[in-house]
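Down below is the structure, laid out as structure tokens.
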There are 2 protein chains.
Amino acid sequence: MPEATVARLPLYLRALTTLAERGVATVSSEELAASAGVNSAKLRKDLSYLGSYGTRGVGYEVDFLRHQITREIGLTQDWAVVIVGIGNLGHALANYGGFASRGFRIAALVDADPTRLGEEVAGLNVRSADDLEQIVHDLGIAIGVVATPARAAQLVCDRLVAAGVTSILNFAPAIVQVPEGVDLRKVDLSTELQILAYHEQRKNGAALALTAEQAAELAEAVNG
Amino acid sequence: MPEATVARLPLYLRALTTLAERGVATVSSEELAASAGVNSAKLRKDLSYLGSYGTRGVGYEVDFLRHQITREIGLTQDWAVVIVGIGNLGHALANYGGFASRGFRIAALVDADPTRLGEEVAGLNVRSADDLEQIVHDLGIAIGVVATPARAAQLVCDRLVAAGVTSILNFAPAIVQVPEGVDLRKVDLSTELQILAYHEQRKNGAALALTAEQAAELAEAVNG
DNA sequence: GCAACTTTGTGCACACGTTCACAAGCGTCT
DNA sequence: AGACGCTTGTGAACGTGTGCACAAAGTTGC
């Protein structure tokens, strides 16, 4: 299954959940694509990787398709997650309700700052980073979320990997290296803003360029 | 300039900043690529869109290249940003130091909850969502960050756009539509985890499949 | 000044992802 | 039963992105 398709399945799943809550029983690729914000042909091709779960002339059964995607992504089981770094962002992540409702259970919170140990966040006690290996092992954690400062990110990832974690979601603004076989995704808040800034500047630049062109035309009109 | 290249420029910028702080004056594409975690050919092609700023046989001058990328992305000016939705995530974003240091100034915080109004977060008073249009206009805000619950996201985006915001970074787990000419990027925490879960499951599944294959081989060996 | 070495910038081939367009299949209506 | 309308699933064309490989261009050493 193409990586691009995998990245869109959660999108479809969310759209289907919304439809199910509204009591919709069947949906066409056109409708589902619209509510997921993608092209209908792309949606159909994506879904075709799961199998032929649609009915021609009718569409897709919402509940059935939802179950198929859930199974494909692996959300039928629940995943234990450890969050490392309980600063502002770590707090927000620990309290984020969207994880639990999608099969991700925050199993442990870890921080290196001794003054934070024992603090209760989202119903869990913050534990020492020294115990990271033990925690990962005891709770059978496969997914780690890194919300530490940039300088700690590589070390934390190394230790997570050494402890047996094979999937890491990194929020720290740092490039970290992981060995083959470990999946690493990164979410970088300021990178996203920088990409927006680039386009924003180009919008303004385009306006200025147009003005320059208009000025040139004007000059030509005056001189000609 | 290709979109994929634009998305990598902030990465290079960060790597260059790190090098500059270490006092490195020049860097080869090979070294820079390594610290940004990309292929060196890709790095060179990306940089070639900016111009021919390297010296053959030597490499790139760190400070100069940094300045060029900064200019290209549009970080020579600073951008006023409004954060809408001051919940857990909004708090974390408001306090995130990485924005200010990269030319993004949090100019206003807005929330719809009347009990939160006037609360001071990161040195700013939380203002009423009713004043959104006024705030955007008065402070010359071009970039909006949406950290509201999912159900409010579309309305907030509509109002931001109507007020003149042309770039939006959406953290709400909802698909929102924006008119042509408005840039929308979304950061979805649980989607990222779901993608990891998919690969995690496949790793385990692959292990099981291997076992099944081994079992088949074993069976054949026994029967044959 | 020239040869040897290093590194950039880029043409080209390939892989990946997207979109179009349409045949195949299902339900409905007469 | 057969014709008709609708929607899926997919082959094929297209566009974008990646990576190799090498000529061009610079530096260093003699």
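Note: hydrogens, waters and symmetry copies are ignored here, and every other heavy atom, side chains too, is used. Just so it is clear: chains get the letters A, B, ... in the order the sequence lines come, proteins before strands, and each one is counted from 1.
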In whole angstrom, what separates [X]'s [atom1] from [N]'s [atom2]?
| X | N | atom1 | atom2 | result |
| --- | --- | --- | --- | --- |
| B/Leu47 | C/dT10 | CG | P | 12 Å |
| A/Glu31 | D/dC6 | CD | P | 14 Å |
| B/Lys42 | C/dC12 | NZ | C1' | 17 Å |
| B/Glu30 | D/dC20 | CD | P | 11 Å |
| A/Leu50 | D/dT10 | CG | P | 12 Å |
| A/Met1 | C/dG17 | CE | C1' | 15 Å |

Between the side chains of [X] and [Y], does any donor sit under 3.5 Å from an acceptor?
| X | Y | answer |
| --- | --- | --- |
| B/His199 | A/Glu3 | yes |
| A/Ser167 | A/Asp183 | no |
| B/Glu61 | B/Thr26 | no |

Within less than 4.0 Å of OP1 or OP2 of [N], is there a side-chain N or O belonging to [X]?
| X | N | answer |
| --- | --- | --- |
| A/Lys45 | D/dT10 | no |
| B/Arg44 | D/dC20 | no |
| B/Ser29 | C/dT8 | yes |
| A/Thr55 | C/dC26 | no |
| B/Asn39 | D/dG17 | no |

How would you label the contact of A/Ala4 with the nucleic acid (heavy atoms, under 4.0 Å): base, sugar-phosphate, or nothing?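 If one applies the 4.0 Å heavy-atom cut-off, A/Ala4 turns out to touch the sugar-phosphate alone, with no base involved.
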Pick base, sugar-phosphate or nothing for A/Tyr53, based on heavy-atom distances below 4.0 Å to the nucleic acid.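 If one applies the 4.0 Å heavy-atom cut-off, A/Tyr53 turns out to touch the sugar-phosphate alone, with no base involved.
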Reading DNA chain C from 5' onward, which residue's closest nucleotide shows up sooner: A/Thr5 or B/Ser52?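 That would be B/Ser52.
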Please compare A/Asp46 and B/Tyr60 by the position of their nearest nucleotide in DNA chain C and report the one closer to 5'.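 First, find each residue's nearest nucleotide; the 5'-ward one identifies B/Tyr60.
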Counting side-chain heavy atoms from CB outward, which of C/dT10, D/dT18, C/dG17 is closest to B/Arg8?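 Output: D/dT18.
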Within residues 17-63 of chain B or reaching into it, pairs that qualify as ring-ring contact (aromatic ring centres under 6.0 Å, His included) - sequence neighbours excluded: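 Matches after skipping sequence neighbours: B/Tyr53-B/Phe64.
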Check if the side chain of A/Arg56 and the base of D/dT8 share a donor-acceptor pair of N or O atoms closer than 3.5 Å.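 Donor-acceptor pair under 3.5 Å: yes.
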For residues 77-90 of chain A, which side-chain donor-acceptor pairs fall under 3.5 Å, sequence neighbours excluded?
from, atom 1, to, atom 2, distance (Å)
A/Asp78, OD2, A/Arg105, NE, 3.3
A/Trp79, NE1, A/Gly74, O, 2.8

